[in-house]
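Please read these numbers as outputs of a predicted model, since none were measured by experiment. Throughout, a chain's letter reflects where its sequence line sits, starting with A, and its residues are numbered from 1. Excluded from the calculations below are hydrogen atoms, water molecules and symmetry mates; all remaining heavy atoms, backbone and side chain alike, are included.
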There are 2 protein chains.
Amino acid sequence: MTRPSDNPPQLVGWLKSLGMTKYEALVYIALLKVTSATASEIHELSGVPRASVYPVLDQLRDKDLVSVSQSAPKRFAAIPPADAIDKLTARIGKNAQQALESLTLIHRERIAAEEGSGELIWNIYGIAGIRKRLAELITHATTDIRIIAHSRVFSEEIKDLLKQCADQVSVEIITPSWEGPVPATMNLYLKKPSVLPKELEGCGDMLAGGVCIIDNKKVMVIVGSAEEDAVALFSESEGFVRFFMRYYGLIVDWVRKA
Amino acid sequence: MTRPSDNPPQLVGWLKSLGMTKYEALVYIALLKVTSATASEIHELSGVPRASVYPVLDQLRDKDLVSVSQSAPKRFAAIPPADAIDKLTARIGKNAQQALESLTLIHRERIAAEEGSGELIWNIYGIAGIRKRLAELITHATTDIRIIAHSRVFSEEIKDLLKQCADQVSVEIITPSWEGPVPATMNLYLKKPSVLPKELEGCGDMLAGGVCIIDNKKVMVIVGSAEEDAVALFSESEGFVRFFMRYYGLIVDWVRKA
DNA sequence: TAAATGTTGTTATAGCAACAACAACAGGTG
DNA sequence: CACCTGTTGTTGTTGCTATAACAACATTTA
């Protein structure tokens, strides 16, 4: 009739992350394939050991995911998937909300007792994390954004964000190449790193990664160039920011002259 | 400084249902209490064994819930709770959506191959489950709702639902007592079960539970009267429905005469 | 009727994987 | 050396997974 193995292999995993056990998932899936079934039928349909079917059905009934008939032998039926997922996510969502309340309470308590922002330098691993953080930075920028970076850094999402905020904040970008439209309000300089002059030697390698300065307050430096092991540093530390603003100044001066 | 035990005892449980382990939760909570911390500080702050702190921090970093400083020794900081909960729920929500798609696919395949609705009688255990199912039934009613039931069954939620749909569908209710306002469009009969006439003897006990008929198609019978072990039967089976519509008719005839 | 057979639902228990907790050790620093 | 960091490996515990065995009951067969 219905082959038990023609469902996505990850499906059980998905359901597990929603709070079900492997057996609960298998039994529920099996019950969806029929109008109703006895424990033994469920055992055959799901592959779950017959003896394990009973406690699992109890658990599913506790979660209101199956209903039980009055007949003997008992017959079981699954509630529609939409309802089931709703019930599961509702429970998790409730937990999430309560957790959020408690956590923000703890967090606020600390934030209140805090004077200046940290003097630390943070790591961001991987190009994905870098892009994500960069997106956050761009979103929260208030006065100006200045970026020197390899084109690889500019994902579609980041280009979109830059376009959106180019009206409100000053945007200046130096990169080897740029695909797609460029807003008029955005200052874009295209420069190959290979044509850097002698006096800036050593800085060239860095163009493979990049520097991003936000509001003259926050700096993100991309130091790993290869796609696989890209690493970025981020800091709001005064000295750190001052150094890279100086570095940025060097580059941008030369770019403007050329 | 901050006592580690002044957070809700269920908080760890909530976070666990969001896919974190106990240690991950403890470490994250601890990190919220400070700007940043070394592994040893986290160990003291969270109570997690020092050696376990390192792998746990790795996991948290994989989930983008903490950032790592470049300094030696490394320092760790938590991302804001709102962001963290967002990330966790987003991942689960994605799984939920994918699971839903797969499950509905399986379900539809079965529904399509199915002729009539089931001829089975289903159990609902406990007053809470009964009320929930009753609420669903009322919500999906299209033409009429008829209920004989003890007042205990009518929770505030159910009264609200009845009020809301009293305009679109015919609503008729027989119950010993009713608190709160009664919509004009709703037919409400107040009858004590004790004054039932001789010819309906034996039906009296049932008033302690109740009968609910929806659209002349679905019937729910509440057979256990006590709060603790209330049990309801539900069926769309033709014979079952016919029997209880007849039973309902007996009662309602007598009620109208009185 | 009595014995044999099969099914349902329950209980006990062994196996297993992930997590939790601890001990030990190399490297670095004052 | 004494101390701290970061890593590794071992052990204990827990909860899910899996199998076996059993009592209760109905059905079949001699």
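What separates NE2 of His43(B) from C1' of dT5(D) is a distance of 13 Å, to the nearest Å. In this structure, Glu44(A) atom CD and dG6(C) atom C1' are separated by 14 Å, rounded to whole Å. The nearest whole Å value for the distance from the CD1 atom in Ile42(A) to the C1' atom in dT7(C) is 15 Å. Rounded to whole Å, the distance from NZ on Lys74(A) to C1' on dT7(C) is 15 Å. Rounded to a whole Å, the CG atom of Leu26(B) is 13 Å from the C1' atom of dC19(C). Atom C1' of nucleotide dG9(C) and atom CZ of Arg61(A) are separated by 14 Å, given to the nearest angstrom.
In this structure, Lys16(A) places its NZ atom where only 12 or fewer heavy-atom neighbours from other residues, nucleotides or ligands lie under 6.0 Å away. For Gln97(A), the CD atom counts as loosely surrounded, since its 6.0 Å shell holds 12 or fewer non-hydrogen atoms of other residues, nucleotides or ligands.
At a threshold of 4.0 Å, the pair Glu109(A)-Lys33(B) does not count as salt-bridged, since none of the basic side-chain nitrogens sits closer than that to a carboxylate oxygen.
Phe244(A) and Tyr247(A) have perpendicular rings, their planes meeting at more than 60° on a 0 to 90° scale where under 30° would count as parallel.
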Could you walk me through whether Ser36(B) and Arg75(B) pass side-chain hydrogen bond (donor to acceptor under 3.5 Å, both in side chains), step by step? CA-CA 6 Å; Ser36(B) 69; Arg75(B) 298 190 68 83; 2.9 Å; yes
Using salt bridge (Lys or Arg N to Asp or Glu O under 4.0 Å), reason through Lys63(B) and Glu24(B) one step at a time and then give a plain yes or no. CA-CA 10 Å; Lys63(B) 296 178 183 171; Glu24(B) 286 173 353; 2.8 Å; yes
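When the side chain to side chain donor-acceptor pair (under 3.5 Å) test is applied to Ser17(A), the partners found at least two apart in sequence or on another chain are Asn95(B).
Put simply, the side chain of Ile138(A) reaches to within 4.5 Å of the side chain of Leu134(A), judged on heavy atoms.
Near DNA chain D, defined here as any heavy-atom distance below 4.0 Å, the residues from residues 49-57 of chain A are Pro49(A), Ala51(A), Ser52(A), listed numerically. Contacts between residues 13-23 of chain B and DNA chain C, counted as heavy-atom distances below 4.0 Å, involve Thr21(B), Lys22(B), Tyr23(B).
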